[in-house]
Amino acid sequence: MANTNDDAITGIPTQEEDVKELLKVRRDKLAKLQKEGKNPFHITRFNPTCYSQQILENFEEMEEKPVVIAGRIMSKRIMGKASFAHILDAKGQIQIYVQINELGQEAYDEFKTYDIGDIIGVEGAVFKTHKGEISVRAKKITLLCKSLQPLPEKWHGLKDVDLRYRQRYVDLIVNPDVRRTFVIRSQIIRGIRNYLDSRGFLEVETPVLHNTAGGAAARPFITHHNTLDIDMYMRIATELHLKRLIVGGFDKVYEIGRIFRNEGMDIKHNPEFTSIELYQAYADYHDMMDLTEDLISTLARDILGSEVITYQGEEINLSRPWTRMTMVEAVKKYTGIDMAAIDSADQARAEAKKAGVDVGVKATWGEVLNALFEEKVEDNLVQPTFIMDYPIEVSPLAKKKLDDPRLTYRFELFITRREMANAFSELNDPIDQKERFLEQVRQREAGNDEAEMMDEDFINALEIGMPPTGGLGIGIDRLVMLLTDSYSIRDVILFPTMKPRED
RNA sequence: GACCCAUUAGCUCAGGAGGUAGAGCACUUGACUUUUAAUCAAGGUGUCCGGCGUUCGAAUCGCCGAUGGGUCACCA
């Protein structure tokens, strides 16, 4: 932007710039245009009248009607005094037919010098070729941007995953499925907003920079505020601020936003990702289950046209109702161990050992239950399944179960063996919450750097009083992966986190 | 973090018993007024990821490193 280097503009490579032959050809073409006063970069606007898609879908009405389209040249076939090319715009591709009689000698000769990758505006009439392809017969062509680098091959596209992520702009140009994925991502997020807005939820924005990183068990990114001269944390969840808003009297709130966790990267994890959290006063986790399955099945129906989808070759049925079982039931089903019948931690650890699940010598009953679930149950949960009643040790923000204080009113949703959502009947007892935080602080001091930090102001808010509330969090990226049949989280994030290249 | 694999032309990929490299697309020139992976003729592509070592000679073998991918660990 700030580069006003004339050499770069005139196409003459600067000294340190070692321009390859392939690139030099295009720079020379640009320099020639500039010399003739036809610098495409001087053009500031152009007015297309329609998208390629509209022409293709409404050919009957548009036949022989004048249109103006704009887009990138994706292919070119020159046959003497007539040529064909395909133009890619935001909605798809359409063929143009360029003939010397329509354009005139000079303009036609110039068109022949345009390259694949150049962006042009085309004025002409809609027609169908002898071979039956709907096309635009060009009357006038305007070069709107000269591309100085060749695009990847037309047939195989861009396959190198490293390059695809680093140069997503190229990926989007040459790989149509990638465009589709990100269009669906946008539709999913819009669908969620529509769903919640129509049910009276208020969308809010809470801080990304936190003084204490709370609401989840994760290592935070640390940054520094210069004026205040304090370290701050990038948020690891939106939970604690949203609950403050329930205290403040908003009874239904949600936030869709970026969360940052300083942890490993793999096909399911990116250091920054998008979550939605919503909170509804006077509701509990059963209401959150109803909402979750209705929301996700509605999204599938509205966006994909079916509640039965395929993920990586497996059929997933999102039709309601979804299976609901407690963690104790799930562990019993897949391991035969009935944790409900076990009272002591000693006995629980013995059962875990028998089942081949490694737990620490000090593991509690709840920790054993959680370990058995993670190691023996999760991999079986392909179809949508709500797992209810998590142990209190791993649920510091969820309300204790009345009939069993070792457990909480919490569920997680699993689809394709992956955690998709997490929800509680929110803990609103400030005294209990403070004790839970203190336990987390003890764990933190014992070396667990993912334990919660004490948040005194949050305790203060609960002391002011939060009504009974149901809360739900959904990982948007994983949901988009499911609904777009994407293998890796990096395929649903436009610009995934990458290591810088050291060249 | 550990282990395995990959990295060759702008792109997709071959090849290489150690003797400085190929195809297709793309590109250049010419022919062609309904092609569509257009066709036909001719032509040029390169830090073979980087560094060091072995060797008369390394893109090929060895070591170190970079980046990416995979598996595992971590991620309640």
*Does Arg168(A) count as lying over the ring of Phe495(A), i.e. NZ or CZ under 6.0 Å from the six-ring centre, within 45 degrees of the axis?*
no
*asked:* Checking Gln95(A) against Ser135(A): is there a side-chain donor and acceptor pair closer than 3.5 Å?
replied: yes
_Under the side-chain contact (heavy atoms from CB on, under 4.5 Å) test, residues paired with Thr364(A) that sit two or more places apart_ = Glu367(A), Glu393(A)
*Taking syn as any angle within 90 degrees of 0 and anti as the rest, which one fits U20(B)?*
syn
*Given that both pair distances must be under 3.5 Å and the pair must be Watson-Crick or G-U, what runs of three or more consecutive pairs involve RNA chain B?*
B:1-7 with B:66-72, B:10-13 with B:22-25, B:27-31 with B:39-43, B:49-53 with B:61-65
_Where protein sits on nucleotides 69-76 of chain B, one letter per nucleotide: B base, S sugar-phosphate only, - none, heavy atoms under 4.0 Å_ = SSS--BBB
*Could you give the NZ-to-C1' distance, from Lys159(A) to C11(B), as a whole number of Å?*
10 Å
*Got a sec? Which of residues 91-104 of chain A come in under 4.0 Å of RNA chain B, heavy atoms?*
Gln95(A), Tyr97(A), Gln99(A), Ile100(A), Asn101(A)
*Let me know the distance between CD1 of Ile73(A) and P of C27(B), rounded to the nearest Å.*
10 Å
*Kindly write out the residues that satisfy side-chain contact (heavy atoms from CB on, under 4.5 Å) with Gln99(A), not counting sequence neighbours, or none if the list is empty.*
Ala82(A), Tyr97(A), Asn101(A), Glu102(A)
*asked:* Test of understanding: with side chain to side chain donor-acceptor pair (under 3.5 Å), list the residues that count as partners of Arg444(A), not counting sequence neighbours.
replied: none
*Expressed as a whole number of Å, how far does the C1' atom of A73(B) sit from that of C3(B)?*
11 Å
*Take Phe424(A) and Tyr285(A) through the ring pair (Phe, Tyr, Trp, His ring centres under 6.0 Å) test and state the conclusion after the steps.*
CA-CA 5 Å; Phe424(A) 329 130; Tyr285(A) 76 148; 9.4 Å; no
_Atom-pair distance (CZ on Arg77(A); P on A37(B)), nearest Å_ = 8 Å
*asked:* Quick check, does His130(A) stack with U34(B)? I mean ring centres under 5.5 Å and planes off by under 30°.
replied: yes
*Between C49(B) and C32(B), how far is it from one P atom to the other, in whole Å?*
43 Å
*Between Glu314(A) and Arg417(A), is there a side-chain N and carboxylate O pair less than 4.0 Å apart?*
yes
